[in-house]
Protein chains: 4
Amino acid sequence: MSALAPDDVTRSPALGRPRDSGRDRAILDATLSLLTEMGYEQLSIEAVAGRSGAAKTTIYRRYRDKAALVAAAVEHRSPATPPQPEGESLRENVHSLATWLARSISEQDVGLLGALFAGMRNDAGLAQAMRRILRRDETAMTDGLLRQAAERLAPGAAPLFAEVASAVIVHRVVVGEPCDAAFIAHLVDDILLPLLRRT
Amino acid sequence: MSALAPDDVTRSPALGRPRDSGRDRAILDATLSLLTEMGYEQLSIEAVAGRSGAAKTTIYRRYRDKAALVAAAVEHRSPATPPQPEGESLRENVHSLATWLARSISEQDVGLLGALFAGMRNDAGLAQAMRRILRRDETAMTDGLLRQAAERLAPGAAPLFAEVASAVIVHRVVVGEPCDAAFIAHLVDDILLPLLRRT
Amino acid sequence: MSALAPDDVTRSPALGRPRDSGRDRAILDATLSLLTEMGYEQLSIEAVAGRSGAAKTTIYRRYRDKAALVAAAVEHRSPATPPQPEGESLRENVHSLATWLARSISEQDVGLLGALFAGMRNDAGLAQAMRRILRRDETAMTDGLLRQAAERLAPGAAPLFAEVASAVIVHRVVVGEPCDAAFIAHLVDDILLPLLRRT
Amino acid sequence: MSALAPDDVTRSPALGRPRDSGRDRAILDATLSLLTEMGYEQLSIEAVAGRSGAAKTTIYRRYRDKAALVAAAVEHRSPATPPQPEGESLRENVHSLATWLARSISEQDVGLLGALFAGMRNDAGLAQAMRRILRRDETAMTDGLLRQAAERLAPGAAPLFAEVASAVIVHRVVVGEPCDAAFIAHLVDDILLPLLRRT
DNA sequence: AAATAACCGAGACGGTACGTCAAGTCTTGAG
DNA sequence: CTCAAGACTTGACGTACCGTCTCGGTTATTT
């Protein structure tokens, strides 16, 4: 079981009334929607309680603080499934992967990045958990790429793709500029393909 | 004059008692030190007031909010001067630049990144100002590189260096892993040099 | 239940943790003591919070503003019990009542008067509540007078006593001159008795 | 010269540029209008400065604090001139005097009463000045009454009138109830005339 | 005429208190 | 033991005025 499952804070053995899993879903859904509406900084646990209909106690029983709550919410969202490589050329597949990754990061992981900025210093364990989530999508992505075009790639290209593509997109998002088509093309043609191609 | 000079909020022409530039320095110094001590999120304007000996109103008269204050403080710090390329090989120079950039980002700019991330949504103008600060160092950096080794570089290599190196280092820092020598070597040999070299 | 009970602002039926009546007492006691020490104008809610050991929010949860807090505190004080008429002559009883009233007003009600004066414009309901408090003592006072000497009084004399005696004493206090024995004698012999005596 | 003339705080001998009496008027007029608009408590010196076009320095050079400013403003207003006794009966004259006094107090002296409440404790000299202002109207009033109907009055009736009438009206105003016709009639017939008439 | 001294506007400055918000903990009653 | 509700302490927020202090510039009197 993941380190961010909703029994993070304290869990006594199965005694007394069991936790209501409906509350879990309500809390995480409310967190996700508020996160995309207002961003990490503006997100208040009080607002999560209000929208989810849960008492603050119920939230704090599950998550130590805002960072843990956000991490759990992001992890809880429908798991990211990168597109299968369907194109014929390597560029097509890299391009579609980059497009998907850019949207995934800029739409869903923005809150997580905020939590990372905020939570890193205070809680090493939590920061590690958030790193893991952030990388889940990145690594899941390389599998398809490898299966489809291993022979055309330079050795060690797949992890390099995950590292560089994520880094450049995250940087772009953090800096607040849009990940539009021109940027994706630049990323693919000027950075990724030169690095990936067997030289 | 810079957009983040301490007369950011409101400033009429020369009327009334002029602002005390000593207060400016005290405020920005206190902000910088508290920023590196406690990080962006934990930084409170009240603490800045306390340490700088300035009244809260004196701070709010100059900076609208925490993000603007942090931006001004980071801009105010001793300007980052990248090392002059002194090595003989291209790799030497790229390596020293990357080393310097990694330390600069991980030591000084983490607070700026947090502020950027927090302020983006609320204030587009502020976000733009902070982007400008971030890029100031990046571009300053590429000048020396260009002068020294222009003939050995692929066309358009210099801005590419700034973009990719910053992105990968920032990502590493955000994710909370150390920018040690091994990482720098990996960055230089596996990513930067292949991209920069005339093919 | 009185309109100034400490559930003045908002109160839902029995839900959640009930208010701590110990906090009520501490707040009102601190208010009373600070009121007599420093007067209405100098009384700050922050000081009440400090002395009572309650948080500012706990005070604001109960009382909208300083005027409401002061009104509640004055009402909370040990109820004013005028001396029973023990003298034989009407003058003796009127004199003792006037003496008691003068001390009561000049010692305890000055803060209340300040609050009344300040709160009147902003909150008609609050002003009415404070009028009620002011009159509580006045009317309680006339009961004994009536029981003891009804036959010797002019019709309608009791409320007239309350009105005129309070007015003259308050005026004296507001104007800042002492309510000494000479003044009391003057009040009784030149003003009150001529008005009260059956003509 | 009055103790509240606009040279209250510090006045050096006739050296340097003399004070601008236009500033005096502007400041006191602004104070009076703001006083009637918002009451004593809500009146801020900053607002007086804004409305009068005077700098805060210019106000503080003249008046120590808000109480002194208000006292000067009330004293500065067009001097109160009670109506000449024109009626034939004593009741008519007493009634017109009471009516005039009630309006004068409730319209113009409310701010002064607030200043009295606030300033009494802090500044005995100022409180005395304000007392003097408050009594100016009261005593001016008795002259006409005495001239016109001395033979019909009980000995010592005139000061008694000033004392009791002012007290009852001030009390009514402080408590926040209207000084309407019915109240005036009650005051005249039930309180004043019985006290004044030769018995 | 120049020097001097007080005046005036504007507004910065260190403070104090305001009234509000959210964080995280605790207490009740019901299930 | 869980849950909703909500009281509680704490700490920071951003604002309003306070009373004091420079500034540049304006009158007046006094050398």
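By convention in this document, chain letters (A, B, ...) are assigned in the order of the sequence lines, proteins followed by strands, and residues within each chain are numbered from 1. All values below were derived from every heavy atom in this structure, side-chain atoms included, with hydrogens, water molecules and symmetry-related copies excluded.
Between the C1' atom of E:dA12 and the OH atom of B:Tyr63 lies a distance of 14 Å, rounded to the nearest Å. Atom-to-atom, CD1 of A:Ile27 to C1' of F:dC3 comes out at 10 Å; the value is rounded to the nearest Å. Rounding to whole angstrom units, CZ of residue B:Arg19 and P of E:dG14 are separated by 12 Å. The distance between atom CD1 of A:Ile59 and atom P of F:dA5, rounded to the nearest whole Å, is 12 Å. With rounding to whole Å, C:Asp20 atom CG is found 18 Å from F:dG6 atom P. Distance, B:Arg62 CZ to E:dG11 P: 15 Å, rounded to whole Å.
Taking the nucleotide of DNA chain F with the nearest heavy atom to each of A:Ala54 and C:Ser21, the more 5' of the two is matched to A:Ala54. Residues B:Ala55 and D:Arg23 each lie close to DNA chain E; by heavy-atom proximity, the contact nearer the 5' end of the strand is made by D:Arg23.
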- Item | Where protein sits on nucleotides 12-18 of chain F, one letter per nucleotide: B base, S sugar-phosphate only, - none, heavy atoms under 4.0 Å | BSBBBBS
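Residues A:Ser52 and A:Ala26 approach most closely at CB-O, 3.5 Å, considering heavy atoms. Residues D:Ala71 and D:Met130 come closest through the heavy atom pair CB-CG, 3.6 Å.
Side-chain N or O atoms of D:Lys66 include one that pairs as donor or acceptor with a backbone N or O of D:Leu43 at under 3.5 Å. A donor-acceptor contact shorter than 3.5 Å is absent between the side chain of D:Asp29 and the backbone of D:Leu32. The backbone N or O of D:Ala47 lies less than 3.5 Å from a partner atom in the side chain of D:Ser44, making a donor-acceptor pair.
Under 4.0 Å is where a charged nitrogen must lie from a carboxylate oxygen, and between D:Asp24 and D:Arg19 no such pair does.
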Any N/O pairs under 3.5 Å between the protein and nucleotides 26-31 of chain F? List them or say none.
from   : atom 1 : to      : atom 2 : distance (Å)
F:dT26 : O2     : D:Arg17 : NH1    : 2.7

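At a threshold of 4.5 Å between non-hydrogen side-chain atoms, the residues B:Val74 and B:Val70 count as touching.
The residue A:Ala49 sits apart from the nucleic acid: no heavy atom pair falls under 4.0 Å.
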- Task: Evaluate the criterion side chain to side chain contact (heavy atoms under 4.5 Å, CB included) for residue pair A:Tyr63 and A:Ile27; output intermediate values, then yes/no.
- Result: CA-CA 11 Å; A:Tyr63 310 101; A:Ile27 290 169; 4.3 Å; yes
- Query: Going through the distances and angles, do A:Arg64 and A:Asp123 end up as a side chain to side chain contact (heavy atoms under 4.5 Å, CB included)?
  - Reply: CA-CA 11 Å; A:Arg64 187 201 335 274; A:Asp123 187 336; 3.3 Å; yes
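Listed pair D:Arg61 / F:dG19 fails the phosphate criterion, with no side-chain N or O lying under 4.0 Å from OP1 or OP2.
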